[in-house]
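Heads up, the thing below is written out as structure tokens.
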Amino acid sequence: MDGDTLYSIGELARRTGLTVKTIRFYSDRGIVAPTDRSPAGYRLYNIDAVARLDLVRTLRELGLDLPTIRKVVDRELSLPKVAAAHAEALAVQIRVLRLRRAVLTAVAERGSTPEETELMHQLAQLSEDERRRLIGDFLDAVFGGLDAAPAFAGVMRSMTPELPDNPKTEQVQAWVELAEMSLDPDFRAVVRRMAEDQAAEQARSDTTGPRRDIAAVVRDQAGPALTAGIDPASPQADPIVAAFTAHYAHLLGRPDDVELRRRLATRLESVNDPRRERYLQLLAVVNGWPAPESLAPVFDWSVQALRVRTQQ
């Protein structure tokens, strides 16, 4: 082929791999106009039509609409700018598809009802601002109004999920479940009680004494005992129990007696609520953090050790 040769639609179709019907369609819309016509009135095209058709086919495969393609091939629009805008639009579509896939996967795995499915879909579609407001409302309900609120600033930050702009399917699924939990009034009440207990303990504690949360102290004291296989009801556990109950007694400014140990057992049972641990697990997935260590076995051991020593 040379620059002066003209080709029929059939010849152009063989050259480009497009059908005659498709080329005629593009020609009718002025995207690839004929250069001339034969004496019989048939459309004829020069070599430039091959390049235009190749570009049109590529842009159509990339999803561009015909009006935009016409402006590109006529150089009315910059191809790089069109490509950038289209890439951004595709990114939005991909995000939506990921959200839909995550919801459908969750529905399939959890056997959700139509009502639950609708809620999950709504939660997955929330904007960043809407997600922040939802979690902010949850954290306000849990920590708001406490006298020791400043002490919880770090805790509130550590309990805030931050879904990335391009989340993985598992992150979206975790966000949806976490958001559902944050809307549950019973879960809010459980976490609120934990916060109130901790605030009350901090308010009663001697400012010159230890201020560590009792749950962290129990974890550090009972964890090694659990690892070592010490029976919580055995005499070997006595000094371990005495260590963390002494801390709790000092924290509250009251004697280490049966009543205090019962109170501590109840406190640890509250902290050991499986929903709290589930929230932290989901939070780690959403934020891309390492999975948190489960403290349930440590708290179970500690509660059992306390209950054995407070029976009457």
Side-chain angles (χ1 to χ4, degrees), residues 1-109 112 114 116-131 163-173 175-176:
M1 284 187 174
D2 57 55
D4 297 326
T5 305
L6 297 179
Y7 305 94
S8 67
I9 284 184
E11 292 170 328
L12 202 59
R14 287 190 292 273
R15 172 71 180 179
T16 62
L18 296 171
T19 65
V20 169
K21 182 179 179 180
T22 298
I23 296 175
R24 186 177 291 116
F25 175 80
Y26 290 152
S27 183
D28 289 343
R29 279 157 181 73
I31 296 175
V32 182
T35 304
D36 202 351
R37 287 186 179 267
S38 70
Y42 294 111
R43 286 177 266 202
L44 299 174
Y45 301 86
N46 63 15
I47 189 63
D48 291 340
V50 175
R52 288 171 71 93
L53 285 169
D54 284 340
L55 177 58
V56 170
R57 178 169 54 186
T58 297
L59 296 179
R60 284 296 286 164
E61 289 175 351
L62 289 173
L64 270 67
D65 59 89
L66 288 177
T68 300
I69 290 175
R70 179 173 180 174
K71 291 179 180 179
V72 170
V73 296
D74 288 344
R75 299 187 183 279
E76 295 178 21
L77 286 178
S78 163
L79 180 55
K81 290 183 179 180
V82 170
H86 199 62
E88 179 63 26
L90 285 175
V92 173
Q93 293 179 31
I94 290 170
R95 181 176 182 276
V96 170
L97 290 173
R98 282 178 174 168
L99 293 176
R100 291 176 181 172
R101 180 176 183 271
V103 171
L104 290 172
T105 301
V107 169
E109 292 177 350
S112 303
E116 291 170 334
T117 301
E118 175 63 20
L119 176 60
M120 285 191 288
H121 178 64
Q122 292 174 358
L123 293 174
Q125 297 280 357
L126 294 180
S127 67
E128 181 179 356
D129 287 341
E130 290 169 330
R131 291 196 301 270
L163 192 67
D165 292 336
N166 295 299
K168 299 177 182 177
T169 297
E170 58 268 24
Q171 288 177 302
V172 177
Q173 289 177 295
W175 155 252
V176 169

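No experiment lies behind these values; they were computed from the predicted model shown. Throughout, residue positions are numbered sequentially from 1 according to the sequence presented.
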(message) With rounding to the nearest 0.5 angstrom, report the CG to CD1 distance, L18 to I9.
(response) 11.5 Å
(request) State, to 0.1 Å, how close A13 and V20 come at their nearest heavy-atom pair, and which atoms those are. (result) CB-CG2, 3.9 Å
(message) Quick check: do V73 and Y26 have side-chain heavy atoms less than 4.5 Å from each other?
(response) no
(message) If you compare all heavy atoms of R70 against all heavy atoms of I31, which two are closest, and at what distance to 0.1 Å?
(response) CB-CG1, 4.0 Å
(message) Working to the nearest 0.5 angstrom, can you tell me the gap between N46 CG and L12 CG?
(response) 9.5 Å
(request) Please round to the nearest 0.5 Å and tell me the distance separating atom OG1 of T35 and atom CG of D48. (result) 7.5 Å
(message) Using the side-chain hydrogen bond (donor to acceptor under 3.5 Å, both in side chains) criterion, which residues pair with T16? Sequence neighbours excluded.
(response) none
(request) Evaluate the side-chain proximity of P34 to S27: yes if any heavy-atom separation is below 4.5 Å, no if none is. (result) yes
(message) Using the side-chain contact (heavy atoms from CB on, under 4.5 Å) criterion, which residues pair with P39? Sequence neighbours excluded.
(response) none
(request) Using the test side-chain contact (heavy atoms from CB on, under 4.5 Å), find all partners of T19 that sit at least two apart in sequence or belong to another chain. (result) K21, T22
(message) For R60 versus D65, what's the shortest heavy-atom pair and its separation?
(response) NH1-CA, 3.9 Å
(message) The criterion is side-chain contact (heavy atoms from CB on, under 4.5 Å); which residues satisfy it with D28, sequence neighbours excluded?
(response) R24, R43
(message) Checking D74 now: which residues fulfil side-chain hydrogen bond (donor to acceptor under 3.5 Å, both in side chains) with it, not counting sequence neighbours?
(response) R52
(request) To the nearest 0.5 angstrom, please state how far the CD1 atom of I23 sits from the CZ atom of R15. (result) 12.0 Å
(message) With rounding to the nearest 0.5 angstrom, report the OH to CG distance, Y45 to L53.
(response) 8.0 Å
(request) Tell me, please, which residues at least two apart from E61 pass side-chain contact (heavy atoms from CB on, under 4.5 Å). (result) R57
(request) For D129, check side-chain hydrogen bond (donor to acceptor under 3.5 Å, both in side chains) against everything at least two apart and list the hits. (result) none
(message) My understanding is that only residues two or more places apart in sequence, or in another chain, count here; which of them pass side-chain hydrogen bond (donor to acceptor under 3.5 Å, both in side chains) with R29?
(response) none
Mind listing the side-chain donor-acceptor pairs of residues 118-126 below 3.5 Å, one per line with the distance, residues two or more places apart or on another chain?
{"residue": "E118", "atom": "OE2", "partner": "Q122", "partner atom": "NE2", "Å": "2.8"}

